[in-house]
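So that the names make sense, note that chain A is the first sequence line, chain B the second, and so on, each numbered from 1.
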There are 2 protein chains.
Amino acid sequence: MDQGAARDQVLDAAEELFYGRGIQAVGMDDIRSLSGVSLKRLYQLFATKDRLVEAYLERRDLSWRRRLADHVEACDDPEGRIIAVFDWLERWFAEPGFRGCAWINSFGELGATSATVATQARRHKQAFRSYLETLAAEADLPRELAGQLLLLAEGAMVTAGILGAPETAAQARTAAGLLVESARRARRAAPAE
Amino acid sequence: MDQGAARDQVLDAAEELFYGRGIQAVGMDDIRSLSGVSLKRLYQLFATKDRLVEAYLERRDLSWRRRLADHVEACDDPEGRIIAVFDWLERWFAEPGFRGCAWINSFGELGATSATVATQARRHKQAFRSYLETLAAEADLPRELAGQLLLLAEGAMVTAGILGAPETAAQARTAAGLLVESARRARRAAPAE
DNA sequence: TGACGTAGAGAACCAGCGTTCTCTAGGGTA
DNA sequence: TACCCTAGAGAACGCTGGTTCTCTACGTCA
């Protein structure tokens with residue numbers, strides 16, 4: 001097994017375990033067992049557990065945002081793309097093993113004691129906010145709308161994670177539609193802004 | 001020092017430390033140091049750390065909801081009470097040491113491994129949702145509105161906790177106002193529902 | 001005053017875990 | 001075949017932290 005494949009297997013195992021059980025509940029030995037990569041190799045790839053956690057969050061950030069963007073960009077209508085964000089959330093919440101947002105969870109667990117985790121969480125949420133701002137701009141809607149949509153999406157992730165209510169995403173989508181409509185109406189009333 | 005006073009001091013210390021650093025980052029010895037209550041007494045009051053965590057979350061649930069209700073009920077107008085929820089959030093977010101929602105954080109940390117924590121978090125969020133439903137009913141607004149308000153409030157807590165943006169609560173309040181307005185408009189269009 | 005019960009301080013015990021070390025086996029090369 | 005390098009398995013090490021134990025001191029009651 002070459003370096004790259006080992007790295008992938010380690011990160012696959014890390015993602016499954018860290019996301020599913022929490023970071024502190026998973027030992028390096030668990031990672032080793034699930035990945036089949038020896039401890040020696042594991043420590044050659046990631047010098048400390050902290051580095052592994054960082055790599056896990058970074059890789060997941062890329063794939064999470066990629067999956068979201070792939071779904072959203074299948075829609076041509078700019079306002080439809082905003083709503084599509086919430087469609088994708090609904091799909092995500094229904095995936096087996098869904099346990100809330102990885103960054104919200106890690107931040108709750110280690111935000112106060114690990115600068116690495118706090119930074120990753122902030123970065124991820126900022127990137128998500130920027131993405132919503134882009135979508136709002138493309139629909140010619142004001143930037144404040146993006147902030148409001150962010151709150152709805154974050155609230156939906158938390159609520160779906162804790163209460164496990166599958167209808168949460170649909171509620172968020174309805175609310176998002178109403179806020180988009182309000183923003184559109186405001187634009188019409190004062191088009192030059 | 002009598003039993004009751006010792007219990008209060010332990011819970012005060014637990015709240016400060018668990019909320020500020022996370023549950024797993026705090027040892028029983030830290031609780032003992034800060035509270036000034038000996039380990040022996042501590043274990044007489046709470047047989048295990050898990051019990052102490054449960055008592056911490058229970059007591060905080062009562063005081064959190066009490067503080068919210070006290071602020072909200074100072075307002076006479078039913079729709080104003082809904083908006084007052086977000087005023088109170090803004091005030092809370094600005095408190096020194098604010099670090100997000102204790103239940104979201106504990107759930108992220110231990111939701112997957114501790115039934116106690118998962119239950120407490122669910123109970124707290126359900127109670128908050130019920131409260132919002134009460135406020136919506138008093139304003140003669142539909143129950144779905146409460147679900148939407150819950151998402152905004154949860155999203156604001158998470159975003160304020162991670163990004164530390166103090167304007168988050170104001171954004172949520174604005175969005176809440178728009179959703180209340182939409183609900184009112186819908187009611188006017190179909191009053192009998 | 002003397003025996004007793006209680007409470008606190010802190011050591012002790014034990015398990016878990018991050019990290020490192022040792023030993024061994026296998027494979028490639030002269 | 002003999003040597004050497006590498007990698008893996010798993011033991012070892014050191015630390016932390018939950019929980020319990022021991023020892024001492026003090027206050028109480030006969």
Side-chain angles (χ1 to χ4, degrees), chain A residues 1-57 105-106 108-118 120, chain B residues 1-57 105-106 109-117 120:
Chain A
M1 175 171 28
D2 73 341
Q3 202 79 340
R7 194 184 150 89
D8 287 347
Q9 278 181 245
V10 169
L11 286 173
D12 288 347
E15 182 152 6
E16 179 173 339
L17 295 174
F18 287 155
Y19 178 71
R21 299 191 205 156
I23 292 169
Q24 295 178 91
V26 173
M28 293 300 269
D29 233 57
D30 299 318
I31 305 277
R32 165 194 132 153
S33 302
L34 186 61
S35 67
V37 171
S38 73
L39 273 187
K40 192 178 222 169
R41 195 96 102 101
L42 216 172
Y43 275 95
Q44 279 167 2
L45 291 163
F46 305 97
T48 62
K49 186 182 182 183
D50 192 64
R51 294 290 200 87
L52 175 58
V53 169
E54 187 173 23
Y56 145 62
L57 290 173
N105 290 347
S106 340
E109 185 173 357
L110 292 166
T113 52
S114 157
T116 303
V117 168
Q120 289 296 319
Chain B
M1 177 171 24
D2 74 341
Q3 203 80 338
R7 195 183 148 89
D8 287 346
Q9 279 181 242
V10 169
L11 286 174
D12 288 345
E15 182 153 4
E16 179 174 337
L17 295 174
F18 287 155
Y19 178 71
R21 299 191 207 156
I23 292 168
Q24 295 178 92
V26 172
M28 293 299 268
D29 233 58
D30 299 319
I31 305 275
R32 165 193 131 153
S33 301
L34 186 60
S35 67
V37 171
S38 73
L39 273 187
K40 191 177 225 169
R41 195 97 101 100
L42 217 171
Y43 275 94
Q44 279 167 2
L45 290 163
F46 304 97
T48 63
K49 186 182 181 183
D50 192 63
R51 294 292 199 85
L52 175 58
V53 168
E54 187 173 24
Y56 145 62
L57 290 173
N105 290 346
S106 343
E109 186 173 356
L110 292 166
T113 53
S114 157
T116 304
V117 167
Q120 289 296 321

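- Summarising the geometry, the separation between CZ on F46(A) and P on dG18(C) is reported as 15 Å, rounded to the nearest angstrom.
- One donor-acceptor pair, N or O on each side, does fall under 3.5 Å between the base of dG8(C) and the side chain of K40(B).
- Across the interface with DNA chain C, nearest-nucleotide mapping of R32(B) and G27(A) shows R32(B) to be the residue nearer the 5′ end.
- Across R21(A) and T113(B), no two heavy atoms sit closer than the pair O-CG2, 3.8 Å.
- Shown here for I31(A) and A14(A), the closest heavy-atom pair between the two residues is CD1-CA, 3.6 Å.
- The CD-C1' distance, from Q24(B) to dC17(C), rounds to 13 Å in whole Å.
- Nucleotide dA7(C) holds its P atom 12 Å from the CG atom of D2(B), rounded to whole Å.
- Across R7(A) and F46(A), no two heavy atoms sit closer than the pair NH1-CE2, 3.5 Å.
- The CG-P distance, from D50(A) to dC17(C), rounds to 18 Å in whole Å.
- Contacts between chain A and DNA chain D, taken as any atom within less than 4.0 angstrom of a protein heavy atom, begin and end at dA7(D) to dG10(D).
- Atom CG of L39(A) and atom P of dC23(C) are 18 Å apart (whole Å).
- Across the protein-nucleic acid pair, D29(B) atom CG and dA12(C) atom P stand 15 Å apart, rounded to whole Å.
- Atom C1' of nucleotide dG18(C) and atom CG of L42(A) are separated by 11 Å, given to the nearest angstrom.
- Within 4.0 Å of V37(A), counting heavy atoms only, lies no atom of the nucleic acid at all.
- For the helix from dT1(C)-dA30(D) to dA30(C)-dT1(D), the axis fitted to the five pairs at one end and the axis fitted to the five pairs at the other end meet at an angle of 30° (nearest 10 degrees).
- Computed from coordinates, the K49(A) NZ to dT20(C) P distance equals 15 Å when rounded to whole Å.
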